[in-house]
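Here the structure comes first, spelled out in structure tokens, and everything after it is commentary.
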Amino acid sequence: MSEEKKPLNFIEQIIEEDLSNGMSKNDLRFRFPPEPNGYLHIGHTKAIGISFGLGEKYNAPVNLRFDDTNPAKEEQEYVDAIKEDVAWLGYKWDKELFSSDYFQQLYDWAILLIKAGKAYVDSQSSEAMAEQKGTPTQPGVDGPFRNRSVAENLDLFERMKNGEFEEGSHILRAKIDMQHPNMLMRDPIMYRILKRHHHRTGNDWCIYPMYDWTHGESDYLEQVSHSLCSLEFKPHRELYDWFLDQVINPDLIRPKQREFARLNLSYTIMSKRKLLQLVDSGIVNGWDDPRMPTISGLRRRGYTPNALRKFVETAGVAKRDNVIDVSLLEFCIREDLNKAAPRVMAVLDPLKLVITNYPEDKEAWLEAENNQEDASAGFRKVPFSRELYIEKSDFKEEAGNKFFRLKLGGEVRLKNAYIIKAESVKKDANGNILEIHCTYSEDTSKKVKGTLHWVSIKHAIKVEVREYDRLFMDEAPDSHQDKDFMDFINPNSLKTIEAYVEPSLKEAKIGDRFQFQRLGYFNVDNDTTSERLIFNKTVGLRDSWAKQKPAQNNPNQKQQNNKPQQKRKAIDVIQQLGKKYTNLPEIKQQKVKAEIQELAKSVTYEELEPLFNTAAKKVGTRIAVAMTLGVLLNNGLERNENINIFIEKASSDSNELLINEVKY
RNA sequence: UGGCCCAUGGUGUAACUGGCAACACGUUGGUUUUUGGUACCAAAGAGUCUAGGUUCGAGCCCUAGUGGGCCAACCA
């Protein structure tokens with residue numbers, strides 16, 4: 001029963017190292033610090049999973065801290081939504097805290113800094129300060145207020161706090177180094193005047209601390225041991241540490257900031273600002289629209305906490321920029337639902353089927369298994385009668401023998417019922433099929449290739465089904481410098497249809513999840529009323545049949561594969577091909593050689609020449625160079641000394657492949 | 001005229017102090033199946049961005065280059 005030991009990710013390694021360097025396990029503490037300015041999305045699920053996951057792993061407390069230092073953007077609505085989402089994911093936080101709880105402490109510390117000559121009030125316009133700040137490549141210069149006296153700074157800062165000044169007229173900034181190579185260290189702003197109502201402190205304050213001044217000190221106040229955030233905060237670490245140095249008591253825990261790469265999902269965006277834009281512009285119906293990558297959207301769509309947790313866990317933690325394919329997310333939700341979701345029958349695109357040898361007034365309630373993956377799920381009854389609906393795509397008048405569904409003269413099984421044979425079709429004047437006429441046989445033991453789902457017309461419930469496609473048509477919609485992400489909106493991301501479901505679904509409650517057999521997983525949407533059942537399609541079943549057909553009615557298929565991947569230089573590809581050349585079987589060598597010779601046409605001599613010095617032991621590379629050189633010579637390149645030396649050395653090599661290649 | 005971070009199959013993540021590059025998704029083929037689902041079996045796919053170095057041995061260490069990302073909000 002030895003639990004297989006999973007390799008540790010780099011953050012866990014850091015913690016293990018701290019532990020082995022004497023840190024007590026009891027001192028471990030983490031936090032998840034969202035700003036309540038929007039809804040959480042699946043990217044946050046990773047951050048949540050990391051910090052709360054560590055908490056579970058080490059049995060350490062994890063705080064939920066709202067980073068609410070900017071009243072202009074933050075609202076109680078978001079606080080509530082965030083709490084709901086974190087709880088739904090199944091995580092329990094130790095304390096619910098707010099950065100605004102620390103406003104007074106932060107203010108007191110700021111005064112200490114002023115007194116120590118490490119902070120000053122600047123009274124310039126933001127433009128003037130921006131100018132003095134320099135650029136990443138140019139150092140900044142000191143501003144005119146940098147050397148105000150402590151007394152003056154104290155006085156000004158107090159008056160800022162008392163509301164005597166207008167917004168924008170003064171700020172408090174740390175006095176660090178305007179020439180510092182890290183822009184963030186060039187006298188960062190600590191406080192600005194904001195005459196705004198704060199969702200928790202009301203009108204108590206009219207100066208608000210900035211992120212950098214707040215975050216590390218808050219971690220310290222909470223005695224967080226490891227403060228984990230995403231990579232774009234890496235440059236902030238230096239400032240985080242500087243601010244900590246000003247107030248730290250060496251007897252207490254000093255929090256460590258460490259950074260990981262944020263999660264990106266293909267075909268969607270992960271920025272609160274842009275998500276808000278989708279909501280505000282009406283492209284989606286709110287933050288919890290099932291097409292949104294928000295936790296609330298995914299929840300409404302039918303995703304389970306388990307699936308989401310599994311997903312971020314599988315995606316892993318590292319420092320490399322990444323774009324995870326949605327297929328992994330879909331795999332996780334299918335895996336979870338396959339085990340749990342009861343099976344039912346529903347027809348989304350109905351075609352009438354009449355069983356001519358079944359009595360008109362007869363009906364039978366047949367036994368159907370609820371879930372063959374779960375023995376405890378039991379059985380239910382489904383009604384059968386003379387007139388049924390089947391899926392339009394399940395019938396073709398004529399089809400090859402790779403088509404396992406119903407065709408004229410062919411036999412097929414009706415799930416949970418009988419075997420039928422299609423005898424004839426009834427069409428309208430335009431040749432559209434109106435009905436299929438079949439005969440049935442009660443002998444169900446026969447082997448047939450196909451099994452169709454169906455509903456009895458007389459008994460079926462008419463419902464609304466919402467099918468979703470990806471919101472964007474591009475794999476990485478917000479990674480194009482020249483185009484706006486809104487340009488890639490998929491106009492057909494929502495399809496609403498009328499469908500027919502078996503009567504057992506009458507009792508379905510909002511949120512219930514089902515597998516519509518052969519179609520996919522669906523859940524009951526919030527919009528459902530007592531009159532009208534509404535289903536969301538969570539995700540389709542894997543469908544290896546659909547893949548074989550040409551695109552047809554498959555808008556869901558991968559659109560195209562022209563990835564943004566930049567083209568590698570021909571010479572680089574040649575080198576790579578060359579490296580493994582000697583290990584290849586002869587047939588492959590010929591193919592690779594042709595490939596190299598093709599690539600060689602776009603290689604210049606200047607690119608090739610440095611490779612003449614390739615180490616003798618790297619034969620493959622030298623062979624590739626020889627091949628490329630051959631092409632260039634053929635195209636009129638004149639021989640020079642370097643070329644001759646290369647050829648000479650190669651000709652006397654012990655490798656025959658190489659020798660052959662320099663027989664120009 | 002900068003600083004910091006990153007580079008392993010199509011995607012994501014591994015590879016304990018250097019020792020035949022693994023796992024998952026995806027792809028392909030097969031077996032089972034009253035879901036063209038699930039389960040199971042198998043296969044293909046990278047030799048680790050490039051060059052040089054250290055070493056008996058480098059994805060892991062060193063140097064230089066290349067490519068990508070982040071940093072100039074009174075946002076977080």
Side-chain angles (χ1 to χ4, degrees), chain A residues 5-9 33-35 37 67 69-70 72-73 122 126 129-131 133-140 167-168 170-171 173 180-184 186 189 191-194 208 210-212 214-215 231-238 259 261 263 266 272-273 314-325 327-332 334-335 338-339 343 345 369 372-373 402 404-405 413-417 419 444 448-453 515-520 541-548 561 563 565-566 568-569 571-572 575-576 579-580 583 610-611 613-615 618 621:
Chain A
K5 65 170 162 216
K6 268 199 272 177
L8 303 177
N9 67 46
E35 183 189 13
N37 67 340
D67 218 344
T69 58
N70 184 5
K73 287 190 184 169
D122 200 334
S126 58
M129 283 191 280
E131 191 142 334
K133 199 165 186 180
T135 69
T137 53
Q138 279 176 315
E167 286 186 13
H170 304 278
I171 51 129
R173 60 199 299 197
H180 201 287
N182 182 349
M183 295 284 294
L184 283 154
R186 322 239 258 232
I189 297 176
Y191 276 94
R192 76 287 215 189
I193 300 170
L194 237 37
Y208 288 93
M210 299 287 287
Y211 164 84
D212 287 298
T214 309
H215 204 93
L231 231 37
E232 65 268 30
F233 289 95
K234 179 66 216 283
H236 292 250
R237 184 149 117 196
E238 197 170 11
E259 312 81 9
L263 178 151
S266 62
K272 274 197 227 173
R273 204 197 87 236
T314 312
V317 181
K319 291 210 246 188
R320 188 171 7 164
D321 290 334
N322 60 78
V323 182
I324 298 168
D325 202 291
S327 63
L328 183 63
L329 216 209
E330 294 181 345
F331 166 79
C332 291
R334 284 192 192 108
E335 187 187 42
N338 175 51
K339 282 177 273 176
R343 272 58 171 171
M345 293 197 287
E369 195 173 14
Q372 55 274 70
E373 304 293 322
K402 277 176 86 177
F404 300 164
R405 286 109 107 131
R413 183 186 303 277
L414 292 177
K415 180 83 188 169
N416 305 316
I419 289 180
T444 59
V448 290
K449 207 77 157 124
T451 301
L452 308 187
H453 60 277
Q515 185 193 97
F516 289 2
Q517 288 199 310
R518 300 211 304 133
L519 297 174
L541 257 29
R542 273 185 81 225
D543 189 351
S544 47
W545 166 242
K547 278 180 218 151
Q548 292 172 23
N561 259 351
K563 300 228 179 99
Q565 245 177 18
Q566 77 287 6
R568 297 175 59 202
K569 282 207 291 204
I571 189 72
D572 292 341
Q575 283 176 64
Q576 201 184 350
K579 257 176 128 169
K580 55 180 174 181
N583 300 332
L611 299 183
N613 299 324
T614 300
K618 299 192 177 182
T621 305

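Quick note on labels: first sequence line is chain A, next is B, and so on, each numbered from 1. Nothing here was measured: the structure is a model prediction, and the numbers come from that model.
Taking atom P in both B:rU27 and B:rG10, one finds a spacing of 16 Å when rounded to whole Å. Nucleotides B:rG2 and B:rG65 have their P atoms positioned 12 Å apart, rounded to a whole Å. Going from the C1' atom of B:rG9 to that of B:rG45 covers 6 Å, rounded to whole Å. For B:rU32 and B:rG26, the C1' atoms lie 23 Å apart once the distance is rounded to whole Å. Comparing the same atom, P, in B:rA64 and in B:rA21 gives a spacing of 30 Å after rounding to whole Å. Comparing B:rC20 with B:rU35, their C1' atoms are spaced 44 Å from each other, to the whole Å. Comparing B:rA24 with B:rA43, their P atoms sit 13 Å apart, to the nearest whole Å. Annotation: B:rA22 and B:rU54 have their P atoms spaced 29 Å apart (nearest Å).
Under the side chain to side chain contact (heavy atoms under 4.5 Å, CB included) criterion, A:V317 pairs with A:N9, A:F10, A:I11, A:I50, A:F260, sequence neighbours left out. Under the rule for a salt bridge (Lys or Arg N to Asp or Glu O under 4.0 Å), A:R186 has no partner lying at least two apart in sequence or in another chain. For the side chain to side chain contact (heavy atoms under 4.5 Å, CB included) test, residues two or more places apart in sequence or in another chain that qualify with A:I324 are A:L263, A:F311, A:A315, A:N322, A:L328. With sequence neighbours excluded, the residues that form a side chain to side chain donor-acceptor pair (under 3.5 Å) with A:D122 are A:Q124, A:R173. Under the side chain to side chain donor-acceptor pair (under 3.5 Å) criterion, A:K272 pairs with A:N37, not counting sequence neighbours. For A:R413, there are no salt bridge (Lys or Arg N to Asp or Glu O under 4.0 Å) partners at least two apart in sequence or on another chain. Checked against side chain to side chain donor-acceptor pair (under 3.5 Å), A:H453 has the following partners two or more places apart in sequence or in another chain: A:E391, A:R518. Not counting sequence neighbours, the partners of A:R334 by the salt bridge (Lys or Arg N to Asp or Glu O under 4.0 Å) test are A:E330. With sequence neighbours left out, A:L194 forms a side chain to side chain contact (heavy atoms under 4.5 Å, CB included) with A:N70, A:P71, A:E167, A:R192, A:R196, A:Y208.
For the pair A:R405 and A:W545, the tightest heavy-atom approach, listed with the atom from each and the gap, is NH1-CD1, 3.0 Å.
Atom-to-atom, CD of A:E369 to C1' of B:rU33 comes out at 12 Å; the value is rounded to the nearest Å. We find that CG of A:L328 is positioned 14 Å from P of B:rU11, with the value rounded to whole Å. When the P atom of B:rC70 is taken as reference, atom CG of A:L231 falls 10 Å away, rounded to whole Å. The CG-C1' distance, from A:L329 to B:rA24, rounds to 14 Å in whole Å. Between A:E131 atom CD and B:rA73 atom P the separation is 12 Å, expressed in whole Å. The distance from atom CD of A:E238 to atom P of B:rG2 is 18 Å, rounded to the nearest whole Å. Rounded to whole angstrom, the span from the CG atom of A:N182 across to the P atom of B:rC71 amounts to 12 Å. Across the protein-nucleic acid pair, A:N9 atom CG and B:rC6 atom P stand 15 Å apart, rounded to whole Å.
Panel note: side chain A:N182, backbone A:P235; a donor-acceptor pair is recorded below 3.5 Å.
Residue-level contact check: A:A261 touches neither bases nor backbone, having no heavy atom under 4.0 Å from any strand. Contacts of A:K234 with the nucleic acid, taken as non-hydrogen atoms under 4.0 Å apart, involve only primed sugar atoms and P, OP1 or OP2. Within the 4.0 angstrom heavy-atom criterion, no nucleotide atom of any strand lies near A:V448.
Electrostatic pairing of A:R237 and A:E259 counts as a salt bridge here, judged by a charged N lying under 4.0 Å from a carboxylate O.
The nearest heavy atom of RNA chain B to A:L414 and to A:G134 marks one nucleotide each, and the one closer to the 5' end goes with A:L414.
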How does each nucleotide of nucleotides 36-42 of chain B score, in 5' to 3' order, for protein heavy atoms under 4.0 Å: base (B), sugar-phosphate only (S), or none (-)?
-> BBB----
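With a cut-off of 3.5 Å on both pairing distances, the Watson-Crick and G-U wobble pairs of RNA chain B assemble into stems of 3 or more at B:2-7 with B:66-71, B:10-13 with B:22-25, B:27-31 with B:39-43, B:49-53 with B:61-65.
Comparing atom distances between the A:N322 side chain and each of B:rC25, B:rG2, B:rU13 picks out B:rU13 as nearest.
Regarding the sugar-base torsion, B:rG47 falls in the syn class, its angle being within 90° of 0.
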Atom pairs under 3.5 Å, N or O on each side, protein against nucleotides 74-76 of chain B: can you list them with distances?
residue : atom : partner : partner atom : Å
B:rC74  : N4   : A:Q124  : O            : 3.4
B:rC74  : N4   : A:G168  : O            : 2.7
B:rC75  : OP2  : A:R192  : NE           : 3.1
B:rC75  : OP2  : A:R192  : NH2          : 2.8
B:rC75  : O3'  : A:R192  : NH2          : 3.2
B:rC75  : O2'  : A:N70   : ND2          : 3.0
B:rA76  : OP1  : A:T69   : OG1          : 2.6
B:rA76  : OP1  : A:R192  : NH1          : 3.4
B:rA76  : OP1  : A:R192  : NH2          : 2.9
B:rA76  : OP2  : A:Y211  : N            : 2.9
B:rA76  : O4'  : A:E35   : OE1          : 3.3
B:rA76  : O3'  : A:D67   : OD2          : 3.1
B:rA76  : N6   : A:H236  : NE2          : 3.1

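Ring geometry, A:Y211 versus A:F233: the interplanar angle falls from 30° to 60°, so the pair is classed tilted.
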